[in-house]
There are 2 protein chains.
Amino acid sequence: MQSIKRTTIKDVAKMANVSPSTVSRVISNSPRISEETAKRVKYCMNELGYYPNAIARSLANKTSNTIGLIMPVRPGETLLNPFFQEALRGIVRGATVCSYDVLLATFQGGEDEIDSMRKLISASKIDGVILMTSRVNDNAIKYLREINFPFCVIGSPLDDKQIFNHVDNDNITASYELTKHLIDEGKKKIAIIAGDKNLIATVHRIKGYEKALIETQCKLDENLIYTGDFDEKTGYTYAKYLFENKINPDAILATDDLVAFGVVRYLLEKDIKIPDEVAVASFNNSILSRQFQIPITSVDIHADTLGEEAVKILIEYMQEGKVKRKIVPHTIHIRRSSSSKSSRF
Amino acid sequence: MQSIKRTTIKDVAKMANVSPSTVSRVISNSPRISEETAKRVKYCMNELGYYPNAIARSLANKTSNTIGLIMPVRPGETLLNPFFQEALRGIVRGATVCSYDVLLATFQGGEDEIDSMRKLISASKIDGVILMTSRVNDNAIKYLREINFPFCVIGSPLDDKQIFNHVDNDNITASYELTKHLIDEGKKKIAIIAGDKNLIATVHRIKGYEKALIETQCKLDENLIYTGDFDEKTGYTYAKYLFENKINPDAILATDDLVAFGVVRYLLEKDIKIPDEVAVASFNNSILSRQFQIPITSVDIHADTLGEEAVKILIEYMQEGKVKRKIVPHTIHIRRSSSSKSSRF
DNA sequence: CTGAAAGCGCTTACAG
DNA sequence: CTGAAAGCGCTTACAG
């Protein structure tokens, strides 16, 4: 297709009457170039519309200036959940600021996440990887550590024994505060319906919930804790279970808005008053939580900031080799689902 | 960081007792290699864990096997709207099937979409581009045609005089059918509140609406047609306008679910019965349209399929140079917002 | 069917 | 401060 002759470093060199090496040094802002030469070379580059070939550059200095991201295949993880989209925005924005590009891949057939990473890494297409979640026994993390390839995860290690770059919310505290809020609203029997129990985020959110209950001397009841998936069905199913089995909580904490919708749908069907009879609170502050018939109290985890910070940490690591972690503050939005006093909503 | 010595084509050649050229030919499945040699070389590649360096390959054959995608910056275009996310999934899936990767970039500061494309193209990082929308006077399309760079747009040209690769729904027909449905429900005065009027999709959806009205001899009233943005505010504002100015339509067609939510919010506030007093229908079949207090009739445009087909068309074009267009069928979901007879919802 | 050689467009020690 | 040369890891006409 493209048969347009590219202008190369040689053309610039010829025009500026210097060697290609010099042009290369001008491009990379080498300090050992006279200002005069630099100016002349830059002028010629402009004149010729020269733009360095990133591929050639990558080959020569063994770095692609590209970050890899494996897109999850399970629709539940991306299609429905705005988290991925917002985090992605943050990642791309952060990368752009640092002059990196983002390569998006997915897997198919018999492959898994690790296969797709291996491919990109072996092919030298990427310099580092962003992992969008952290699981209890995370094979992707294990793999990347084994081959000692730069990465940063959005999420946390299970415990502090594992050390790697990561950025996360303080999910324990967020969940703790949310539970406290429900207690402050006079709720005595608070259930939690959480997402995938293999996600560290789930583990942490349950932990925060338990912490608040223990602290305020409420009972910690096994019958009030459930895990499932990040979807509406999980919420509906366990809400139904709770009431059909006469466990009858007066508040339900969901770890994702989608789960909360399922909960609310059940409550509405049964004409259970929200928040008076049962309060609901949740995570992610998606547009649904704001627009829903009954606006839902929800924690904004600032997914875009998580994404942006993850890239920054990764790039810094690639340049300086220092492992970092960063906690992004959350914001709790109190709405009608948990507080009859709630003003605007 | 990475000081692991890569195994290269030379290592394989040495082990297999052939020249690097031969190994290269085995990699690219050249037919002029004896089966025996091929087998031996493949064995050695496996043994050494060899994986071709994509960057070196790109440099040598001037093709990156990567497709570029410019992520819109305006939050309204991506953050809130699931269209982008679903289309992206389709794009990445389609690319993976064809062994392509997807490079995601955005712009910042004084740049625009075209600057970021220019960068990626000049740097030889991508072989083709997917455009996620088409506008009335689309500079991105103009630019790509000028430099004769392969691209495919999700959307349509304004008229058939412009020829380029694209995939789209038949928005005129979809809108026509939706309007007909409202007429069939007994509605006589149907308003349309559309998104950005510079988008071809908006133009087409208004056209389909008008076509249905003209055909059924309803009046075509300028006071019933509004354009704004793809957001809730637009819906709320114009719904309010329609009723405060006593235009009082008995149905409102929105061109996006977010717009529809704004409309519904206004109607609920004013205690206007849906669908009896005012019916509402919309586009995109987002999860909100299904989960909302009042489930909203909406057209599923199958954004993921649009994305997947766009990549396929683009890749075919890059290989064979044939310009193509494809129409992805839509699905209309009738729900309570427009039909009291609607069963499940 | 296979190999030697040149080349893709850069970078970077080395030498001056 | 600048240049000549080698090299990054492939591909591909050309020759045999």
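Naming convention: chains lettered A, B, ... in sequence-line order (proteins, then strands); numbering from 1 in each chain. Every heavy atom of this structure was used, including side-chain atoms; hydrogens, water molecules and symmetry mates were not.
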| query | Think A:Tyr51 has a side-chain N or O under 4.0 angstrom from the OP1 or OP2 of C:dC10? | reply | no
| said: Can you see if the side chain of B:Arg57 gets near the phosphate of D:dT11 - specifically, an N or O under 4.0 Å from OP1 or OP2? | reply: yes
| remark: Of the listed D:dC10, C:dC10, D:dT2, the closest approach to the B:Ile9 side chain comes from D:dC10
| field | Position toward the 5' end of DNA chain C (nearest nucleotide), B:Ala60 or B:Ser19 | value | B:Ser19
| query | Paired with D:dA4: which nucleotide, if any, by Watson-Crick or G-U wobble criteria at under 3.5 Å for both distances? | reply | none
| said: OP1 or OP2 of D:dT11 versus the side-chain N and O atoms of B:Ser28: is any pair under 4.0 Å? | reply: no
| Once you round it to whole Å, what is the distance between P of D:dG3 and NZ of A:Lys14? | 14 Å
| Where the side chain of A:Asn61 is defined as all heavy atoms beyond and including C-beta, which of D:dT11, C:dT12, D:dG3 is the nearest nucleotide? | C:dT12
| note | Only one of A:Lys326, A:Lys324, A:Arg325 passes salt bridge (Lys or Arg N to Asp or Glu O under 4.0 Å) with A:Glu309, and that residue is A:Lys326
| task | Respond yes when some side-chain nitrogen or oxygen of B:Lys10 is under 4.0 Å from OP1 or OP2 of D:dC10, and no when none is. | result | no
| query | Rounding to a whole Å, what distance do you find between B:Asn53:CG and D:dG9:C1'? | reply | 6 Å
| query | So what does A:Ser124 touch, heavy atoms closer than 4.0 Å: a base, only the sugar-phosphate, or nothing? | reply | nothing
| note | The residue, A:Ile27 or B:Thr37, whose nearest nucleotide of DNA chain C is more 5′ is B:Thr37
| said: Can you measure B:Leu59 atom CG to D:dC10 atom C1' for me and round it to whole angstrom units? | reply: 8 Å
| Backbone N/O of B:Met71 and side chain of A:Arg89: donor-acceptor pair under 3.5 Å | no
| field | Rounded distance (Å) that lies between atom C1' of D:dC8 and atom CG of A:Asp127 | value | 15 Å
| field | Proximity to the side chain of A:Thr8 - top-ranked nucleotide from C:dT2, D:dT12, C:dG9 | value | C:dG9
| request: Check the distance between C:dA13's P and A:Lys62's NZ and give it to me in whole angstrom. | output: 13 Å
| field | Whole-Å distance separating the CD atom of A:Glu36 from the P atom of D:dC1 | value | 12 Å
| said: With a 4.0 Å cutoff (strictly under), does any side-chain N or O of B:Ser34 reach OP1 or OP2 of C:dT2? | reply: yes
| field | Shortest side-chain distance from A:Arg25, nucleotide among D:dA4, D:dC10, C:dT11 | value | D:dA4
| message | Using the P atom as the point on both nucleotides, what is the distance between C:dA6 and C:dT2, in whole Å? | response | 23 Å
| query | Salt bridge or not for A:Lys312 and A:Glu316, using N-O below 4.0 Å? | reply | no
| query | Starting at CD1 of A:Ile55 and ending at C1' of C:dG9, how long is that distance when rounded to a whole Å? | reply | 11 Å
| message | Measuring from atom CD1 of B:Ile147 to atom CD1 of B:Ile121, what distance do you get when rounded to the nearest 0.5 angstrom? | response | 4.0 Å
| query | OP1, OP2 of C:dG3 versus side-chain N and O of B:Thr22: anything below 4.0 Å? | reply | yes
| message | Between A:Asp11 and A:Lys14, does any side-chain N to carboxylate O distance fall below 4.0 Å? | response | no
| Rounded C1' spacing from D:dT12 to D:dG16 in Å | 16 Å
| Whom does D:dA13 pair with, Watson-Crick or G-U wobble, provided both distances fall under 3.5 Å? | none
| request: State which residue, out of A:Asp112, A:Leu120, A:Thr106, A:Leu103, fulfils the side-chain contact (heavy atoms from CB on, under 4.5 Å) condition with A:Ile70. | output: A:Leu120
| request: Please tell me which of the listed nucleotides, D:dG3, C:dT2, C:dC8, lies nearest to the side chain of A:Ser21? | output: D:dG3
